[in-house]
J.: 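One structure coming up, written as structure tokens, with questions to follow.
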Amino acid sequence: MKKNYATKILIALTFLFFQLSFSQTTTWTGASWDNGVPTITVDAIIASGTCTITVNTEAKSIIVQSGATLSIQSSSTITVENDIQVLGTGKFIVRNNCSLVQNNPSAVNTGSIEYRRNAEPMIQYDYTYWSSPVAGQVLNVFSPLTLGDKFFTFNATTNTWVIENQANTMQIGKGYAIRAPQGYNSTAQVFNGIFEGVPNNGDYTQNVVAWDPILGNYNLLGNPYPSALDTRDLIDNSSINTLYYWTHNTAIASNVFTANDYAVRTRTAGTAASSGGVVPNRYMAAGQGFFARSSSTGTVTFTNAMRQAGNNGRFFRSSSQNETFDEEDDNLIRLDLSNSGGAFKQQVVQYLTDATNGYDVGVDGEQIDGVFVSFYSIIPGHTLAIQARELPWNIDDQVVFGFKSTINAVTSFEISISELGIFFNDKDVFLEDKVTNTFHDLKVSPYTFSSNMGLFEDRFVLHYKNLLLSNNDFIGIENSVYLFNENKLPKMVSTKSNIASIIAYDMLGRVVFSKDNINASEVSLSGLINNNQALLIKATLENNITVVKKFIF
């Protein structure tokens with residue numbers, strides 16, 4: 001009898017163990033999970049108290065029962081396979097920079113969440129472009145202190161702003177320009193936006209109108225999800241080819257905002273607004289409204305597949321410098337045009353495997369003219385903020401730039417490299433000024449020039465070799481620079497022109513030695529460790545000519 005009884009107990013305990021081990025539910029009981037932290041195959045029930053999530057977490061489904069609270073914090077992402085239910089007085093709060101991602105596009109949510117998104121500091125009359133990540137959000141409930149006639153959408157057909165009734169519900173996937181609350185003054189304040197409604201999940205469609213070069217029209221859209229959106233997926237799967245983010249860097253003057261405040265993004269690169277600020281990266285934050293240029297009239301569909309965990313901290317206007325960089329940055333040249341008075345315009349040239357030297361939808365991004373200056377690359381029929389060029393790269397490739405100034409005075413400007421991919425570590429980058437007949441090495445220093453107001457369509461050309469020198473000149477200069485081993489260290493000697501600077505790279509493109517302001521005919525690369533490796537040693541001479549030598553060390 002005792003043996004049988006013990007066997008039954010063992011069987012019962014074993015059965016209970018397996019029940020607990022393979023249970024598909026875990027419940028928050030006010031202080032802890034009764035069956036461990038949920039996973040993507042385990043349903044999560046918030047039964048009582050407050051469950052605070054501060055790390056990336058998954059669940060098969062979520063039920064927040066009446067009286068309980070689920071709070072997502074610390075830039076965390078909660079990923080849910082299926083549906084979300086918020087019952088009775090239950091609360092589900094997704095705080096600023098956090099994300100809610102759902103995998104199943106057919107999952108139907110019930111009950112409201114709060115999605116909290118902080119705009120960057122605003123002063124009176126500032127606008128922010130918003131989009132609702134939840135269903136049922138009323139405009140004046142979202143921003144109750146904004147004047148009733150300061151909610152706007154945009155009509156792309158007529159290229160005009162439209163005043164929205166403040167009692168209207170925000171359409172999913174549509175962008176809205178909303179002015180700062182009444183009572184804001186010249187001291188910048190953070191607007192703490194709270195969206196409240198059923199979290200958006202699944203596919204959403206918005207109408208778009210094709211770009212008309214005469215009308216100059218754009219579509220005001222928005223990220224429909226309570227998570228970041230992958231703009232590359234959006235561009236690859238729609239007629240949208242370029243995105244424009246409003247930064248409101250510049251205070252309004254005479255009731256007019258400035259086009260200087262639009263940052264630009266294509267599928268592979270971004271440029272900062274002419275008024276400065278951060279460069280938009282690949283991921284668009286939740287709650288973000290944006291202008292988009294479309295190649296055709298029709299519809300754009302946002303899908304669950306475009307949603308992204310994390311990467312949700314860059315909400316424009318944003319001062320955050322945290323960024324996930326794109327792999328194309330390795331093949332990128334970012335040029336900044338500026339002057340001492342604050343004029344600024346940014347350009348990107350990048351080399352991509354699938355690009356051509358013609359216009360490529362989605363990777364070539366049209367520029368918006370700046371108020372004071374414009375600086376853009378040119379291909380026939382297009383003025384670009386971002387231009388993609390074909391690979392394989394050719395040393396004879398040239399990129400033409402246009403320049404425009406509306407400043408009614410002779411003004412000094414500077415063109416400089418603000419970012420250079422490792423692809424260009426061993427390559428020269430020259431800027432030709434056709435007005436002054438100058439070839440300037442941008443890797444040595446910025447180029448300074450003066451200009452009257454006016455339009456100069458092809459004043460500047462980007463080159464990768466100095467065409468003012470003949471082949472014989474190049475050969476003669478190259479042959480006048482020697483590299484040899486002295487006392488087990490590389491030493492470079494130049495007999496025609498002093499060496500201004502020197503950089504050594506390993507074969508992975510990493511800088512292993514650099515020295516500026518040499519101003520001597522010879523230099524020893526002291527401090528290098530002999531690893532029996534091949535090095536590329538690039539010397540820039542005082543005549544702005546560069547010579548690259550290979551050295552086994």
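We number each residue from 1, following the sequence as shown. These numbers were taken from a predicted model, which means no experiment stands behind them.
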J.: Taking only residues two or more places apart in sequence, or in another chain, which ones meet F551 in a ring-ring contact (aromatic ring centres under 6.0 Å, His included)?
T.: none
J.: Drop me the distance from T411's OG1 to N452's CG, to the nearest 0.5 angstrom.
T.: 8.0 Å
J.: Less than 4.5 Å apart, any side-chain heavy atom of N237 and any of V300?
T.: no
J.: Please report the shortest heavy-atom distance between A286 and N312, naming the atom on each side.
T.: N-OD1, 2.8 Å
J.: Centres of the F439 and H463 rings: under 6.0 Å?
T.: yes
J.: Taking atom CD1 of I415 and atom NZ of K345, what is their separation to the nearest 0.5 Å?
T.: 13.5 Å
J.: Is the closest side-chain donor-acceptor distance between S445 and H440 under 3.5 Å?
T.: yes
J.: Does N311 reach the main-chain N or O of Y283 with its side chain, forming a donor-acceptor pair under 3.5 Å?
T.: no
J.: How about F291 and F154: are their ring centroids closer than 6.0 Å?
T.: yes
J.: Any idea which heavy atoms bring I386 and V363 closest together, and the distance?
T.: CG2-O, 3.7 Å
J.: Relative to F513, does K515 satisfy both conditions: NZ or CZ under 6.0 angstrom from the six-membered ring centre, and within 45 degrees of the ring's axis?
T.: no
J.: Go through the structure and list residues passing ring-ring contact (aromatic ring centres under 6.0 Å, His included) with Y176, not counting sequence neighbours.
T.: none
J.: I'd like to check Y245 versus Y129 (side-chain heavy atoms, cut-off strictly below 4.5 Å). Are they in contact?
T.: no
J.: Between Q346 and T271, does any side-chain donor sit less than 3.5 Å from a side-chain acceptor?
T.: no
J.: Should N192 and N118 be marked as a side chain to side chain donor-acceptor pair (under 3.5 Å) after you check the CA-CA gap, both sets of side-chain angles, and the distance that decides it?
T.: CA-CA 5 Å; N192 305 117; N118 298 340; 3.0 Å; yes
J.: How would you list, by chain and number, every residue that makes a salt bridge (Lys or Arg N to Asp or Glu O under 4.0 Å) with E486, sequence neighbours excluded?
T.: K491
J.: Would you call D428-K538 a salt bridge at under 4.0 Å N-O?
T.: yes
J.: Applying salt bridge (Lys or Arg N to Asp or Glu O under 4.0 Å), which residue pairs with at least one partner in residues 391-411 are found, sequence neighbours left out?
T.: D369-K404, R389-D397, D396-K465
J.: State whether the side chain of T231 and the backbone N or O of L234 hold a donor-acceptor pair below 3.5 Å, judged by distance alone.
T.: no
J.: Between I503 and V511, is any pair of side-chain heavy atoms under 4.5 Å apart?
T.: yes
J.: Q308: what forms a side-chain hydrogen bond (donor to acceptor under 3.5 Å, both in side chains) with it, not counting sequence neighbours?
T.: none
J.: May I ask you to test the I378-L384 pair for a side-chain heavy-atom distance under 4.5 Å?
T.: no
J.: Would you say that V399 contacts V461 through its side chain, given a criterion of any heavy-atom pair below 4.5 Å between the two side chains?
T.: no
J.: Determine whether L335 and L442 make a side-chain contact, defined as any pair of heavy atoms from C-beta on separated by less than 4.5 Å.
T.: yes
J.: Can you check side chain to side chain contact (heavy atoms under 4.5 Å, CB included) on Q347 and S377, steps first, answer last?
T.: CA-CA 8 Å; Q347 266 292 307; S377 63; 3.4 Å; yes
J.: If every non-hydrogen atom of P490 is compared with every non-hydrogen atom of I537, which pair is closest and at what distance?
T.: CB-CD1, 4.1 Å
J.: Under 3.5 Å, is there a donor on one side chain and an acceptor on the other for S418 and D336?
T.: yes
J.: Listing request: all side chain to side chain donor-acceptor pair (under 3.5 Å) pairs with a residue in residues 217-227, at least two apart in sequence or in separate chains.
T.: S227-R307
J.: Could you tell me the separation between the OG1 atom of T268 and the CG atom of D360, rounded to the nearest 0.5 Å?
T.: 9.5 Å
J.: Answer with yes or no whether the side chains of R117 and N97 bring together a donor and an acceptor at under 3.5 Å.
T.: yes
J.: Are S405 and S451 close enough that a side-chain donor and a side-chain acceptor fall under 3.5 Å?
T.: no
J.: Write down the atom of V400, the atom of E457, and the distance for their closest heavy-atom approach.
T.: CG1-O, 4.3 Å
J.: Whether the side chain of R267 engages the backbone of D364 through a donor-acceptor N/O pair (distance < 3.5 Å, no angle test) should be reported.
T.: no
J.: Can a donor-acceptor pair be found, under 3.5 Å and without considering hydrogens, that links the side chain of S131 to the backbone of G289?
T.: no
J.: Given K174 and L221, is the side chain to side chain contact (heavy atoms under 4.5 Å, CB included) satisfied, shown in steps?
T.: CA-CA 4 Å; K174 192 168 187 175; L221 304 173; over 6 Å; no
J.: Are F191 and I178 close enough, and set up right, to give a side chain to side chain contact (heavy atoms under 4.5 Å, CB included), and what steps lead you there?
T.: CA-CA 11 Å; F191 174 73; I178 301 176; over 6 Å; no
J.: Check the angle between the aromatic planes of F424 and Y464 and answer parallel, tilted or perpendicular using the 30° and 60° thresholds.
T.: parallel
J.: How many angstroms lie between CD in Q387 and OG1 in T266, if you round to the nearest 0.5 Å?
T.: 11.5 Å
J.: What's the verdict on side chain to side chain contact (heavy atoms under 4.5 Å, CB included) for V429 and I417, showing C-alpha distance, side-chain angles and the deciding distance?
T.: CA-CA 9 Å; V429 180; I417 296 175; 4.3 Å; yes
J.: Give a yes or no answer on whether the side chain of D330 reaches the backbone of I422 with a donor-acceptor pair at less than 3.5 Å.
T.: no
J.: Kindly say whether V481 contributes a backbone atom to a donor-acceptor pair with the side chain of K549 at under 3.5 angstrom?
T.: yes
J.: Does I407 reach the side chain of M453, with side-chain heavy atoms less than 4.5 Å apart?
T.: no
J.: Could you check Y447 against F413 for ring-ring contact (aromatic ring centres under 6.0 Å, His included), going step by step and ending with a plain yes or no?
T.: CA-CA 8 Å; Y447 176 65; F413 296 94; over 10 Å; no
J.: Of all heavy-atom pairs between V190 and Y184, which one has the smallest distance, and what is that distance?
T.: O-OH, 3.5 Å
J.: Once you round to the nearest 0.5 Å, how far does CG of L525 lie from CG of N485?
T.: 11.0 Å
J.: Can you tell me which residue among F449, Y376, F460, F375 is in a ring-ring contact (aromatic ring centres under 6.0 Å, His included) with F401?
T.: F375
J.: Check whether W393 forms a cation-pi arrangement with K427 (NZ or CZ under 6.0 Å from the six-membered ring centre, at most 45° off the ring normal).
T.: yes
J.: Over all heavy atoms of both residues, which pair between D212 and I214 is shortest? Give the atoms and the distance, please.
T.: OD1-N, 2.8 Å
J.: Working to the nearest 0.5 Å, report the span between OG1 of T448 and CD of E414.
T.: 5.0 Å
J.: Between S295 (side chain only) and S239 (backbone N and O only), is there a donor and an acceptor less than 3.5 Å apart?
T.: yes
J.: For the residue pair F403 and F456, does the interplanar ring angle fall in the parallel (under 30°), tilted (30 to 60°) or perpendicular (over 60°) class?
T.: parallel
J.: Please answer whether the main-chain N or O of L489 pairs with a side-chain N or O of N487 as donor and acceptor at a distance below 3.5 Å.
T.: no
J.: Could you tell me whether a side-chain N or O of D233 sits under 3.5 Å from a main-chain N or O of M306, the two making a donor and an acceptor?
T.: no
J.: Strictly below 4.0 Å, N to O, side chains only: are D126 and R179 in salt-bridge contact?
T.: no
J.: Is there a donor-acceptor contact under 3.5 Å from the side chain of S238 to the main chain of I240?
T.: yes
